[in-house]
Visitor: 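Can you keep this structure in mind? I'll have questions shortly.
Computed over heavy atoms, backbone and side chain alike; hydrogens, waters and symmetry mates excluded.
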Amino acid sequence: MACGILVSACKPNEQKAGAQPPTNAPRDVSKVQSPSESVKPKINFVATAPKTQSPSESVKPKINFVATEKLYKKIKQKKLGTGAGLIRIEKNIGILIHPGASPSEVIFDVSDMREEMKLTFWISGLPQKFLDSTGAGTVGYEVFVDGKSLGRRRVDRFTNQTLLLNPNRVSKLRIVVDDDDGAQTCDWFFMGLQ
């Protein structure tokens with residue numbers, strides 16, 4: 001199994017062997033794996049941006065709300081950011097994690113989950129009056145698997161990002177969400193299982 005990051009706006013297998021990747025082709029920055037790493041979970045991130053989208057539209061992917069609700073019930077610890085911090089399930093949408101002046105974070109106990117999880121992260125669509133606010137709908141987030149960071153990422157109202165996680169030998173999944181730009185305006189960070 002490979003641990004790595006795959007950032008793509010197209011399918012990973014679209015590039016022909018030996019060809020130079022076009023600028024919009026996937027960039028595989030996976031590290032070379034040693035034999036001792038074979039028991040680590042498979043982790044891939046994919047970031048996508050729609051071809052055309054109004055800034056007021058959400059890039060919310062189709063999620064499995066029943067599975068997302070089950071994941072929400074596996075929350076073992078919540079820490080709300082000061083002020084506007086919020087963590088809750090939004091019916092038929094996903095798990096909302098809104099940062100405050102300090103980050104909001106949630107820890108899930110996934111020790112009994114054995115099937116691959118496809119987690120998706122996105123920002124909800126913005127009301128018309130906030131469309132000209134450049135910092136609105138922008139957050140930074142960091143995913144930790146059993147205490148190990150998978151790196152800090154940024155998501156805004158124009159993209160969604162997917163984490164493929166094979167939970168074998170994983171017990172804790174921690175998500176930390178910050179405001180990224182010093183303002184919490186419309187920073188409606190959602191996550192859900194596909």
Visitor: Compare every heavy atom of Asp178 with every heavy atom of Val139, then report the nearest pair and how far apart it is.
Guide: CB-O, 3.2 Å
Visitor: If you measure from CG on Asp146 to CZ on Arg174, what distance do you get to the nearest 0.5 Å?
Guide: 12.0 Å
Visitor: I'd like to know if Asp181 and Arg154 make a salt bridge, using a cut-off of under 4.0 Å between side-chain N and carboxylate O.
Guide: no
Visitor: Checking side chain to side chain contact (heavy atoms under 4.5 Å, CB included) between Phe190 and each of Ile95, Ile123, Leu96, which is the one that passes?
Guide: Leu96
Visitor: Using a cut-off of 6.0 Å, state whether more than 12 heavy atoms not belonging to Asn92 lie near its atom CG.
Guide: yes
Visitor: Are Phe144 and Met113 grouped together when hydrophobic residues (ILVMFWY) are joined by side-chain heavy atoms under 4.5 angstrom apart?
Guide: no
Visitor: Checking side-chain contact (heavy atoms from CB on, under 4.5 Å) for the pair Leu163/Leu150: CA distance, chi angles, key distance, verdict?
Guide: CA-CA 10 Å; Leu163 166 65; Leu150 302 181; 4.2 Å; yes
Visitor: Report the residue from Ile107, Val143, Asp109 that forms a side chain to side chain contact (heavy atoms under 4.5 Å, CB included) with Leu173.
Guide: Val143
Visitor: Do Ser102 side-chain atoms and Thr82 backbone N/O form a donor-acceptor pair below 3.5 Å?
Guide: yes
Visitor: From Leu164 CG over to Met117 CE, what is the distance, rounded to the nearest 0.5 angstrom?
Guide: 10.5 Å
Visitor: Hey, what do you get for NZ (Lys91) to CD1 (Ile93), rounding to the nearest 0.5 Å?
Guide: 11.0 Å
Visitor: Between Thr162 and Thr120, is there a donor-acceptor pair closer than 3.5 Å when you use the side chain of the first and the backbone of the second?
Guide: no
Visitor: For the residue pair Ala136 and Leu126, what are the closest heavy atoms and their distance?
Guide: CB-CD2, 3.6 Å
Visitor: Would you be so kind as to tabulate the donor-acceptor pairs closer than 3.5 Å made by side chains of residues 61-75, with sequence neighbours excluded?
Guide:
residue, atom, partner, partner atom, Å
Asn64, OD1, Val66, N, 3.1
Asn64, OD1, Ala67, N, 2.9
Thr68, OG1, Asn64, O, 2.9
Thr68, OG1, Leu193, N, 2.8
Tyr72, OH, Lys78, NZ, 3.2
Lys74, NZ, Asp112, OD1, 2.9
Lys74, NZ, Asp112, OD2, 2.9

Visitor: Taking all heavy atoms of Trp188 and all of His98, pick out the closest pair and write down the distance.
Guide: CD1-CD2, 3.3 Å
Visitor: Kindly write out the residues that satisfy ring pair (Phe, Tyr, Trp, His ring centres under 6.0 Å) with Phe189, not counting sequence neighbours, or none if the list is empty.
Guide: Phe121, Tyr141
Visitor: Hydrophobic cluster membership, with links at side-chain heavy-atom distances under 4.5 Å among I/L/V/M/F/W/Y: are Val176 and Leu119 in one?
Guide: no
Visitor: Salt-bridge test for Glu90 and Arg88: reply yes if a basic N is under 4.0 Å from a carboxylate O, no otherwise.
Guide: yes
Visitor: Going through the checks in order, is the side-chain contact (heavy atoms from CB on, under 4.5 Å) test met by Val155 and Met191?
Guide: CA-CA 11 Å; Val155 67; Met191 63 179 284; over 6 Å; no
Visitor: For the OG atom of Ser111 and the NZ atom of Lys172, what is their distance to the nearest 0.5 Å?
Guide: 10.0 Å
Visitor: Answer yes or no: is there a side-chain heavy-atom contact under 4.5 Å between Leu86 and Gln184?
Guide: no
Visitor: How close do Ser104 and Gly85 get, counting heavy atoms only, and between which atoms?
Guide: OG-CA, 3.6 Å
